[in-house]
Structures are given as C-alpha cells and as structure tokens.
Colleague: 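Okay, here's the structure, questions in a sec.
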Amino acid sequence: VATPELSGVAVVGAGTFNPAILHPSWLAEKGLIPIDIAKHAMEQNAAQPIIVSPQLTVFVADWLTVQVTQGQAVFSTVDQGRELDVRDVARGVFELLPETPIDALGINSDTHFQAQSEGAWHAFGDQFLPKDFWEPIFEDGDYKQRADGKRVGMRSMTVEVSRTETPLQGWIRVEIAPSLRIGPYGIFIGINGHFVLPRHNDIRGNGGDAARVLMEQWEGARETESRLVAKLLEAV
Amino acid sequence: VDPTPILGDVRNDSKDSTVASQKVTNSKVDPRVLHTRNFGKRRLQTLLQWEGVVESVEVSTFECRLVPIVDGRPDQTRIEFTKFSFDDLSDDDDHGLVAPGSVFYWTIGRARNAAGTATNVSLVRFRRLPPLTKTHSERAEREAEAMLQALGESDGPEPSRT
C-alpha cells in the first residue's frame, strides 16, 4: 500500500464575497490567526506578494493560504496536520460575516502519492479507466507506446455521487489524475465534498449557515475522505 | 517656480476621490500578474492528533483532558489526562488563550520543508474563534433552554458558564 507524499485540505465557500475585507491584519485583529503569521503574510519579500483588492485577495500566511474572489472564498493548507486550524479560520470568517450570501460549501482534500514504477503508475490509471475501448481506436496511427505496448493513458477522471437527503443536497466528486506536484509517477486524488446551503423562503444561505454546516458536516466529510484515500491507495 | 496648488490634488478621478463619476469608466488599476505559489515538498502529515480541553492553569503549565482524533472524528471513549508547559505552545500569541474550558489541538506529525528536509514535530495550539456575539449568546441560551425543557428540567438550576 502506498503512502501519501503530500496532502492538503481546503474549505471553500461559493457565494458573493467582498475580498478586500479579508486582510491578514483583519484576521489577526479578530483573533482568528496569531499576529506573527499575519505579519509573515505581509512581509515585503514574501515568496508570494500579498494581494488585497476589491476583486481579489490572495495571501499565504505560513500554513494558511487564503484566496478570495467575488464569487468564491478558499481557505486551504498544504499541511494536512493543520486541517482543524483551517476549518476554524473558515468558520470564524463565516461567523464574522453572517450577512454574506453563501450558496454552497466545499470540504475538500487533495492527496499526492508516488507509484513505484512507470508500470505501476499506468496500472493504477488502467484500473480506474480501462483502455479496452480506446486502444483499438489508436491501434493503427503513429503514436508513442507505453512500456507495456499500450498507447492510451489516463489524463484525468472524475466520478460523482449525489446525496439524496434534504435539505442538505450536494455531492462528492473524486478526481484522479497525474500529480503536478510530485514526480516521476506521481498520482493526484482530489476529493470535493459539496454541500448546498438551504434557502429560507427563497433567501440565499449566509455566513452563519455556512459556519453551522461546516461544523455539522466536517467530521463526516473528513472520515469519508480518509476512507476513500485509503481505498484508492490500496489499488496502487 | 511651480505654483502651489491651493486645492491639493485637483483631479476628481484619483482613487481617493469621492466625486461620483459622470459615466462608468474602465478600472484605472493596472492588471497584476498572479504567480502560483510553489510549496515544493512542504507537508505536515499527522501521525497522532488529539483535541484537548484545559482543566486548570498554573503559572507556566496547564492540565488538560484529551481525546484522540481518528479519521477526522474525536473518540470520546478514550479520554486521557496530561500536563503541558506554556513553552510547548507553537505560537507565543496563544498564551492569552490558555484558560479553563479552552479547547486546543495537539498534533504529532512528520513535517517536510519546501526542500524536502524532514522533521518530527509536536504542535500545541489553541482553537481560535471570534468572540461570542450577543445574538449567538442568546441563540445558545434558547437552545439550552429547549434542551432542558426536553429533558424535563426546565426549573433546574442555572447552568454554570465558562
């Protein structure tokens, strides 16, 4: 069984945001992040310069990455061990902006791991996307061959299951693709747990709803993600 | 000699202007190129993780109870008790958050920096949430009242607060 090389977590809100408010100083002033990591985000020679504007806010504060557009707020980390910290930052922001319209919430994870060989890498892709249909189509052309003689490889695959329960509709999407962060023979697993926030009398959900749904759904979503990743890693 | 402008910045279209424009114009802000941050091999993989609650606080230490977090869920059946020094906190800023009833997280993990150098880490940090607003407080009181009524204890003693 392979072990993850890299893994991260993200909480995503989809709605109508005011990116300019999400300044590192504001997060520190509200007590959501320590003052030292807010300063880290604002360092002039930081690896990624801070952008805070009405259209877009992007900054990296040590373990926390914040990216907010007018339609989406993403709080993420590449340090899986900081998953609870990211959840709490997102919850805090949503609670502090209770009137912000938010339509949906994503509890997401990404995992990168390495296959032992090119053969194992292709075998993983072949298991989830058999090439029986595709190989004959490209049999006669002048195409590069894999070491095992096949020509077709998997670039990306996404599967989806939709929840039936109401009022929290939504889905789980699992994407499998070659990893862009590790190589050679890196594999990426991206899991999107999407929750549609309930509407009240046709009024959109808000920050308060998003915070509540995040806390209610967090444990189940993370448990599902752990189970999915473990199952997929068994297939390497 | 340049004349001294008696009106300061006389332009009405500066970014600080509060004059309403006569027509909608394009943004005067130059576009900025956003570069994707390269985290390299940076990671922090959890080996063990607990959620803790402070029981008592001494001068430079605090005693607490812990429950392990397994696959994202706290296991409330496996309570452990231990003591931490303030020096164990990962952020100095957290000293002010140490109080009886405060929630914190303890993660033992394996970290790699962007270059891939690995270290074993122990992170103790306190949960950070915005202060309870009056609205939240009132809602919590209503929910508690409803729960007490459901349990048939509506006339019970006032619950203690932390």
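Just so it is clear: chains get the letters A, B, ... in the order the sequence lines come, proteins before strands, and each one is counted from 1.
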Colleague: Could you tell me which portion of B:Q45 (side chain, backbone, both or neither) has an atom closer than 4.5 angstrom to a non-hydrogen atom of chain A?
Modeller: both
Colleague: For the residue pair A:A41 and A:F59, what are the closest heavy atoms and their distance?
Modeller: CB-CD1, 3.9 Å
Colleague: Using heavy-atom distances under 4.5 Å, tell me whether B:L97 contacts chain A through its side chain, its backbone, both, or neither.
Modeller: neither
Colleague: Tell me, side chain or backbone of A:R82 under 4.5 Å from chain B's heavy atoms, or both, or neither?
Modeller: both
Colleague: Need one label for A:T65: side chain, backbone, both or neither, based on atoms under 4.5 Å from any heavy atom in chain B.
Modeller: side chain
Colleague: Please flag which part of A:I182 lies under 4.5 Å from any non-hydrogen atom of chain B: side chain, backbone, both or neither.
Modeller: neither
Colleague: Of all of A:L84, A:L6, A:L96, A:V89, which one pairs up most often with chain B through heavy atoms under 4.5 Å apart?
Modeller: A:L84
Colleague: So which atom in A:R87 and which in A:V11 form the shortest heavy-atom distance, rounded to 0.1 Å?
Modeller: CA-CG2, 4.3 Å
Colleague: Taking B:H95 as the fixed residue, which of B:F84, B:F86, B:F62 is the one that meets the ring pair (Phe, Tyr, Trp, His ring centres under 6.0 Å) rule?
Modeller: B:F86
Colleague: Of the non-hydrogen atoms in A:R181 and B:R42, which two are nearest, and what is the gap between them?
Modeller: NH2-O, 3.7 Å
Colleague: Shorter than 4.5 Å, heavy atoms on both sides: which option in B:G109, B:A111, B:P131, B:P74 has the most such pairs with chain A?
Modeller: B:P74
Colleague: Should B:R43 and A:E5 be marked as a salt bridge (Lys or Arg N to Asp or Glu O under 4.0 Å) after you check the CA-CA gap, both sets of side-chain angles, and the distance that decides it?
Modeller: CA-CA 8 Å; B:R43 64 177 281 194; A:E5 294 281 325; 5.0 Å; no
Colleague: Any luck finding a side-chain donor-acceptor pair between B:T107 and B:R125 under 3.5 Å?
Modeller: yes
Colleague: Please flag which part of B:D71 lies under 4.5 Å from any non-hydrogen atom of chain A: side chain, backbone, both or neither.
Modeller: both
Colleague: Which pair of non-hydrogen atoms, one from B:R78 and one from B:P68, has the smallest distance, and what is that distance?
Modeller: O-CD, 3.1 Å
Colleague: Is B:L123 in contact with chain A via its backbone, its side chain, both, or neither, using a 4.5 Å heavy-atom distance?
Modeller: side chain
Colleague: May I ask you to say whether A:R222 pairs ionically with A:E225, meaning some side-chain N is under 4.0 Å from a carboxylate O?
Modeller: yes
Colleague: Given that the side chain runs from C-beta out, which part of A:V58 has a heavy atom under 4.5 Å from chain B: side chain, backbone, both or neither?
Modeller: side chain
Colleague: Considering only heavy atoms, which portion of A:D36 lies under 4.5 Å from any heavy atom of chain B: side chain, backbone, both, or neither?
Modeller: neither
